[in-house]
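Just the heavy atoms: all of them, side chains too, but no hydrogens, waters or symmetry mates, feed the values below.
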Amino acid sequence: MHRKCTLGVGYLVTGNVGKVEKTFLVNLKLLDIRKAQIIGREQESFLGPADGLLPASRFALRRLFGQQYQGDGFLKLSVNVDDAAVSLNGDAKGLWPNVDLDDALEVGKYRLAVTREDYLPTAQDVYVEPARQTQVQLLLEKEPAQWWETWWFWTLTGAVVAGAVTTGVVLGTMQGQSPESGSGNVSVP
């Protein structure tokens, strides 16, 4: 007995996307509708913003169907802070803006990282696709001040010191000593 698929297709791709902190995970399954079984699975994880979901999904979908990308593409980078050290897949590329990424890159996923003193390091996965220019903007954020460098710490410290000095002067005066001369008598009825 031959059953007809209600969708009118023999295969179906299903998937989902998850996120943990800044890392996305794309899961895809290829289903044979007629046999009611999974015939392929692919996963792709990437670190970066949500706009990386589309190229990550394309790469995972091509692998699911056994069709790898071929060729070269280009990467165009911008960084919001000068003199930041840029690396591509762990290889140092120079200090921004004097970074040369104009050469064609083999298609695939790359990890871009940027560091600079007094800034939080940042990294992002990027996908270079055939005959396309992938644009990436990396934003460095200033490192937060250490707790002992903050205004509230020094305000609190000043208040404690001022309170301790005032308390010492008042207690010293009450015990019969003059704050100016170091001695004296005060009578308290």
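Tyr69 and Phe74 are assigned to two separate hydrophobic clusters, defined by single-linkage of ILVMFWY side chains at heavy-atom distances under 4.5 Å. Leu12 and Leu28 are members of different hydrophobic clusters when ILVMFWY side chains are connected at heavy-atom separations under 4.5 Å. Linking ILVMFWY residues whenever their side-chain heavy atoms come closer than 4.5 Å, directly or via other members, places Val17 and Leu30 in the same cluster. Under the 4.5 Å side-chain contact rule for hydrophobic residues, Tyr110 and Val26 do not share a cluster. Cluster annotation: Phe65 is connected to Ile39 through the hydrophobic network of ILVMFWY side chains, with a link wherever side-chain heavy atoms come within less than 4.5 Å.
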(request) In sequence, state the C-alpha distance, the side-chain angles, and the governing distance for Val114 and Leu140, and then conclude on side-chain contact (heavy atoms from CB on, under 4.5 Å). (result) CA-CA 8 Å; Val114 180; Leu140 288 172; 3.6 Å; yes
(request) Determine, stepwise, if the pair Lys109 / Val126 fulfils side-chain contact (heavy atoms from CB on, under 4.5 Å). (result) CA-CA 6 Å; Lys109 179 168 81 170; Val126 295; over 6 Å; no
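Arg111 meets the side-chain contact (heavy atoms from CB on, under 4.5 Å) test with Leu47, Asn89, Ala123, Asp125; sequence neighbours excluded. Taking Leu139 as the reference, Asn80, Gln137 meet the side-chain contact (heavy atoms from CB on, under 4.5 Å) condition, with sequence neighbours excluded.
Distance check: Ser57 OG to Arg62 CZ gives 13.5 Å after rounding to the nearest 0.5 Å. Here CZ of Arg41 is found 9.0 Å from CG of Leu31. Values are rounded to the nearest 0.5 Å. Rounding to the nearest 0.5 angstrom, the gap separating the OG1 atom in Thr14 from the CG atom in Asn27 is 9.5 Å. Note that OH of Tyr119 and CD of Glu143 are 10.5 Å apart. Values are rounded to the nearest 0.5 Å. Distance check, rounded to the nearest 0.5 Å: CG of Asp51 to CD of Gln135 gives 11.0 Å. The distance from the CG atom of Leu61 to the CD atom of Glu44 is 11.5 Å, given to the nearest 0.5 Å.
The two residues Glu129 and Val107 come nearest to each other via the heavy atoms C-CG1, 3.5 Å. When all heavy atoms are compared, the tightest approach of Thr115 to Pro121 is CG2-CB, 3.7 Å. Shown here for Asp72 and Glu106, the closest heavy-atom pair between the two residues is OD1-CA, 3.4 Å. In terms of heavy atoms, Leu105 sits closest to Val128 at O-CG1, 3.9 Å. Pro97 and Asp82 get closest at one heavy-atom pair: CD-OD1, 3.8 Å. Considering every non-hydrogen atom in both Ser45 and Leu25, the closest pair reads CB-CD1, 3.8 Å.
Checking side-chain atoms of Thr134 against main-chain N and O of Tyr127 turns up a donor-acceptor pair under 3.5 Å. In this structure, Arg63 contributes its side chain and Gln43 its backbone to a donor-acceptor pair below 3.5 Å. A donor-acceptor pair under 3.5 Å links the side-chain atoms of Trp96 to the main chain of Val79, judged by distance alone.
A salt bridge does not link Lys29 to Glu42: none of the charged side-chain nitrogens sits closer than 4.0 Å to a carboxylate oxygen.
Residues Tyr11 and Asp32 have side chains in contact (heavy-atom distance under 4.5 Å, counting atoms from C-beta outward). Using a 4.5 Å cut-off on side-chain heavy atoms (C-beta onward), Gln124 and Pro49 make contact.
Classification of the Phe24-Phe46 ring pair by plane angle, with boundaries at 30° and 60°, yields parallel.
By the neighbour-count criterion of 12 heavy atoms within 6.0 Å, atom CD of Gln37 is densely surrounded, having more than that number from other residues, nucleotides or ligands. Enclosure of atom CD in Gln70 is not indicated, since only 12 or fewer non-hydrogen atoms of other residues, nucleotides or ligands lie within 6.0 angstrom.
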